[in-house]
Amino acid sequence: MSAQPSALMARSHGLRRRRAVNRGMEWMAWLAALIAVAILGVVVWSVARRGASELNLNLLTKSPVPFAPPNVTQGLANAFAGTLVIVGLATAMALPIGILVALYLNEFAPPSIKNGVSLTLDVLNGIPAVVIGIFVFGLLVVGHGQSGMAGAFALAVLMLPLVSRSTMEVLALVPNSLREASLGLGVPRWRTTLSIVLPQTLGGIVTGTVLAVARVAGETAPLLFTSSIVANATSWNPGHALQTVPVAIFELSESPDPADHARAWAAALVLLLFIMFASLGARWLATRTRRKLGAAR
Amino acid sequence: MTVESQPSVSLETAIKVETRRQPMPPRERLEQIFDIQDLDAIYGSKAAVKGVTMEVYKNLVTAIIGPSGCGKSTFIRCLNRMNDLIPGFRMNGSIRFQGEDITASSVDPVAVRRTIGMVFQRPNPFPKSIYDNVAWGLRVLGMKDNLDERVERALTQAALWDEVKDRLKASGLSLSGGQQQRLCIARAIAVEPDVVLMDEPASALDPIATQAIEQLMHDLKSEYSFVIVTHNMQQAARVADMTAFFSISTGGEGQRWGELVEYDATEKIFTNPSDQRTEDYVTGRFG
């Protein structure tokens, strides 16, 4: 750069300083982004490094053996089975109610009710999981004992606002012109909702559900209250307390045996991978839905 | 269909009134299909349209013209209770459709819309196949006999059949804008309404697609009655038998509402209007 003031530079006071500030801010933003990615990277790497040695089929198929001699292969089959049952039941409870709530609020409710209930859902979403756990403990466990059912109910309460809110978001994306097209034919409102609006949102509903499942699959606190006093045998019966992956990780982490620690890490790795793939799948579905809705606009 | 009647153009209008329209019989001899008395359309506390009194005649094309914001769309959406979907909307006055007041709360808007179909400003085909766009309404409304025939008839009437007959399974969204709008017209007439309301059906279309839609209105008016909102005066002059001119009135406290200024045979409106505001509008002095 020449020191000679050119015609262009004449009107740009302090251009060099402004450029330096700009470059500085860009670097800081870049650094912040790097830190965010790095944290995820470190978590994944440390979990993978510690858990990889125990990550094998036995982890998923063999039951834990307490005080086992070192040559016995064991796994966490009971925890994976329990998580499958409890999360499955929770989804079965939360999904239909969540979708119906969203349909009612978005398609039928007057604005005042819509705003009120939406706020309620947001508050429910903000309640700490441990509080939900205590609530369900008082409601279902006291006097009846722990059960997979109670755990599933607690998780369903956590899932409900997630499913409802994400469904409402995609319903809002469905163009009004599509509803009008159907209503203009003299088709009743419920039929319009069911046959025209809902099919447009299926991808979005699946996305929201997958994200909700990923979120509650890792919940520990509510399950400690509702489904944590368990046998080592694999059980599929939600009438009894069932072991789950997050609770198993918690319990194994307190064990004095380093082999237990490794298994806890491996279970954490499985959970992490599940959540990662679920999120990626959900994202892919969401993009697809949005593209489809965009074409219909 | 070329019965000629040469209108005498008395005004220096830029608009040529089309001559392929048949001469109108006197209004007393026409059959009324809508009888609208003193209609107010109100959003919340704000009136969009006030005091409209007019009748709409059977088997004619009735055009609603007027400047932006004069409540043309609001008015036409009153005729099939489409505004019911807007929270806080209400109507005063009455709209008698074949004698029955359809503004009454006891009347089911679904039944009203079943008889009075609508085509919207922007083409809004369902994200379904071309065939299903037409057939879905028929199926839902229980007109399931001879489905293929009905679909073909509707598409033919909408002047779309020849263009799509080899790809009925293709998505309705794969068609061009003009074709999509004709598909929407086919969908609307397939369920055999008495009246088809059209809210600026050609405003998003090119001239050729527009012409196709005007032609099909002309061809189909022996079977249906059309009410069309348009901000294109030439279009009103070309297709409409009767034309209603709406304008904006202003009151105290900055209130604005739409009102009906003049309603008469299209020739009269465009060549010899009785109201100065109509003349100013059709000659392009405002609006």
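Every chain is numbered from 1, with letters handed out A, B, ... down the list of sequences.
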Quiz item: Top residue by heavy-atom pair count (under 4.5 Å) with chain A, among B/L85, B/V140, B/D108, B/V191?
Solution: B/V140
Quiz item: Ignoring hydrogens and geometry, is there a side-chain-to-backbone donor-acceptor pair from B/N232 to B/Q235 under 3.5 Å?
Solution: yes
Quiz item: Tell me, do B/L39 and B/F75 make a side-chain contact under 4.5 Å, heavy atoms counted?
Solution: yes
Practice problem: Have a look at A/E107 and tell me which of A/R179, A/K114, A/R189, A/R191 forms a salt bridge (Lys or Arg N to Asp or Glu O under 4.0 Å) with it. | Solution: A/R179
Practice problem: Name the region of A/P111, side chain, backbone, both or neither, that has any atom closer than 4.5 Å to a heavy atom of chain B. | Solution: side chain
Quiz item: Going by an N to O cut-off under 4.0 Å, is there a salt bridge joining A/R165 and A/E169?
Solution: no
Quiz item: Hey, are B/R150 and B/D145 close enough for a salt bridge, meaning a charged N less than 4.0 Å from a carboxylate O?
Solution: yes
Region of [X] that comes under 4.5 Å of a non-hydrogen atom in chain A:
{"X": "B/R187", "value": "both"}
{"X": "B/F120", "value": "side chain"}
{"X": "B/I116", "value": "backbone"}

